[in-house]
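The structure displayed is predicted, hence computed values, not measured ones.
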There are 2 protein chains.
Amino acid sequence: MHQNAAAENNSRKSDARLESERAILTAAESVFAEFGFKGATTALIAERAGLPKANLHYYFPTKESLYRRVVDRIFRIWLEAARSFDDCDDPAQAISRYVAKKMEISRDYPNGSKIWASEIMMGGPVMQDYLETTLREWTQSRIDIIDRWIAEGRVRAINGRYLLYLIWAATQHYADFGHQIATLNGGEPLDDAQFCDAQDTLIGIILRGIGINQSG
Amino acid sequence: MHQNAAAENNSRKSDARLESERAILTAAESVFAEFGFKGATTALIAERAGLPKANLHYYFPTKESLYRRVVDRIFRIWLEAARSFDDCDDPAQAISRYVAKKMEISRDYPNGSKIWASEIMMGGPVMQDYLETTLREWTQSRIDIIDRWIAEGRVRAINGRYLLYLIWAATQHYADFGHQIATLNGGEPLDDAQFCDAQDTLIGIILRGIGINQSG
DNA sequence: TATCCCTCTGACCAAATGGTCAAGTTTTTG
DNA sequence: CAAAAACTTGACCATTTGGTCAGAGGGATA
């Protein structure tokens, strides 16, 4: 196959290898999300990935190395969402875009969000570096932006830090507590219309809550 | 000791037994919160409770029975907070009291909140009954109250369900993600002043967000 | 003191689990 | 085509873990 060349761009890894790794990582995400790091078993991950456990250990020597790869991916997705805060200097647009993006991530990668939550609850054994460097810097720079908006009178005087926590909490809730939300929805996950309603309700409350009068 | 009579009110359990059970339950809460159900080991729980593992199994025959007791306690605390929604018919007071109460619970029983979160992420194997009965009924009745407030024009038209989810998410975040919040606070948990600030910021955003103009 | 009941605990066991390995099979390369 | 490199896998192992058990305190009551 001629796609070989494209695949080899990625560290000379064959298509088959990439496919196996992808299957393992996907399975690992679901198992780590459901049982936490200690509760996850490599046997179950291998089973969900459709290959023998020994084969899984060929690609990922230890459970921890596999876990690290999964956490890495999650953090990269988080960083992508973080960028939507930069695209625009209008507070209303910046915040509503950021909230919308985080909601979409909760819907599209719920397992990633759960693993993040689990990591933090365990005291961040793997992500502590990220928390102390990248996340801390990102958070402070966004607080600075919010403070500038406040100084310019475009946003009501609030503590930007706790606004960010509110946004993180409210959006990630739709992933981390998806099972509870589904149970309270008759056992079914939110459909598209409900999800949009949740998103709009959240954005509406936050924007008005920080003193932005929405048009429309 | 004359307190004996008081203790015997509780199913004839001796002081010593109650004390041992309390120590075990406290230890169990911290271990389940940190490692999840599967990751928690009875050996570690026993160690943190300061007694041999065999003794723990004398009081709680299986790990699951111990876990159920811990989850029961959490749910009872949750119900207590839920009542603060009933004490008052004024939307501003009812909601600000409820949020404040939930924030206090996050500060005072962070492990309980983490175990709840972990349970939900596992698909609610133990709490599913609660979710489908008590929680569902409580949620619907509160949505009805919010809808009445809206009909009376005392609150902006919003979807009450997603307002509740926002409140749960934002308040429980301070327990579940306490480690992340501490890391972003220079490694120290929020002090009293910061915690109050977070509480006031949250209440302020929510009240204004649902169209209640606060005085003061 | 003798009896009874509750509590405590070290030693033990079977099952589960992370990880290894040698012996294969397949794919790539010279 | 042959050799080498990469991949696959069943069997195996050491450790961990939930739970058991026999027997040892220890404090009431008669």
Side-chain angles (χ1 to χ4, degrees), chain A residues 1-25 27-28 30-32 34-71 122 125-126, chain B residues 1-5 7-8 10-25 27-28 30-32 34-71 122 125-126:
Chain A
M1 279 198 168
H2 291 302
Q3 295 143 5
N4 225 346
E8 296 213 349
N9 285 345
N10 192 324
S11 320
R12 282 189 251 98
K13 286 180 182 174
S14 73
D15 280 0
R17 177 168 198 122
L18 285 175
E19 172 55 24
S20 287
E21 287 189 358
R22 198 199 52 73
I24 293 169
L25 286 168
S30 77
V31 175
F32 283 130
E34 193 170 340
F35 301 103
F37 176 74
K38 281 206 68 179
T41 68
T42 55
L44 181 58
I45 294 171
E47 185 193 320
R48 289 197 187 173
L51 38 80
K53 191 181 65 161
N55 200 2
L56 178 150
H57 277 98
Y58 173 75
Y59 285 107
F60 298 92
T62 67
K63 183 164 100 163
E64 191 181 320
S65 68
L66 177 53
Y67 182 72
R68 279 177 186 279
R69 275 286 298 274
V70 169
V71 168
M122 281 166 39
V126 165
Chain B
M1 277 198 169
H2 292 300
Q3 296 143 3
N4 225 348
E8 295 214 347
N10 192 323
S11 320
R12 281 190 252 98
K13 286 181 182 173
S14 74
D15 281 0
R17 179 170 195 120
L18 286 174
E19 171 56 24
S20 286
E21 287 188 358
R22 199 199 52 72
I24 294 170
L25 286 168
S30 79
V31 175
F32 282 130
E34 193 170 339
F35 300 104
F37 176 73
K38 281 206 69 179
T41 68
T42 54
L44 181 57
I45 294 171
E47 185 193 320
R48 289 198 188 173
L51 38 80
K53 191 181 66 163
N55 199 3
L56 178 149
H57 276 98
Y58 172 73
Y59 286 108
F60 299 92
T62 68
K63 182 164 102 162
E64 192 182 320
S65 68
L66 177 54
Y67 181 71
R68 278 178 187 277
R69 276 285 299 274
V70 168
V71 168
M122 281 165 40
V126 164

**Message:** Within this structure, what is the OH-CG distance for the pair A:Tyr58 and A:Leu51, rounded to the nearest 0.5 Å?
**Reply:** 13.0 Å
**Asked** Is a donor on one side and an acceptor on the other found under 3.5 Å between the side chain of B:Ser20 and the backbone of B:Arg17?
**Response** no
**Message:** With rounding to the nearest 0.5 angstrom, report the CG to CZ distance, A:Leu25 to A:Phe60.
**Reply:** 4.0 Å
**Complete:** Here the pair of heavy atoms bringing A:Ile24 nearest to A:Ile45 is O-CG2, 4.0 Å
**Prompt:** Between A:Ala40 and A:Phe35, what is the shortest heavy-atom contact and its length?
**Reply:** N-CB, 3.7 Å
**Prompt:** Looking only at side-chain N and O atoms, does B:Arg17 come under 4.0 Å of OP1 or OP2 in C:dC6?
**Reply:** no
**Asked** Contact class for B:Ala46 vs. all strands (heavy atom < 4.0 Å): base, sugar-phosphate, or nothing?
**Response** nothing
**Prompt:** Roughly how far, to the nearest 0.5 Å, is CD of B:Glu64 from CZ of B:Phe37?
**Reply:** 5.5 Å
**Prompt:** Nearest heavy-atom pair of A:His57 and A:Pro61: which atoms, and what distance?
**Reply:** CD2-O, 3.1 Å
**Prompt:** How many angstroms lie between atom CG of A:Leu18 and atom CZ of A:Arg22, to the nearest 0.5 angstrom?
**Reply:** 10.0 Å
**Distance, rounded to the nearest Å, where A:Leu44 contributes CG and C:dA15 contributes P** = 20 Å
**Within residues 53-60 of chain B, residues whose heavy atoms come under 4.0 Å of DNA chain C** = B:Ala54, B:Asn55, B:Tyr58, B:Tyr59
**Prompt:** Rounded to whole angstrom units, what separation is found between the CZ atom of B:Phe35 and the C1' atom of C:dT17?
**Reply:** 17 Å
**Prompt:** In whole angstroms, how far is the C1' atom of C:dG10 from the CD atom of B:Glu47?
**Reply:** 17 Å
**Prompt:** CD of A:Glu64 versus C1' of C:dT17: gap in Å, rounded?
**Reply:** 16 Å
**Asked** From the 5' end of DNA chain D to its 3' end, which nucleotides mark the outer limits of contact with chain B, defined by a 4.0 Å heavy-atom distance cut-off (strictly under)?
**Response** D:dT17 to D:dC21
**Prompt:** Rounded to the nearest Å, what distance is computed from the CD1 atom of residue B:Ile24 to the P atom of nucleotide C:dT7?
**Reply:** 11 Å
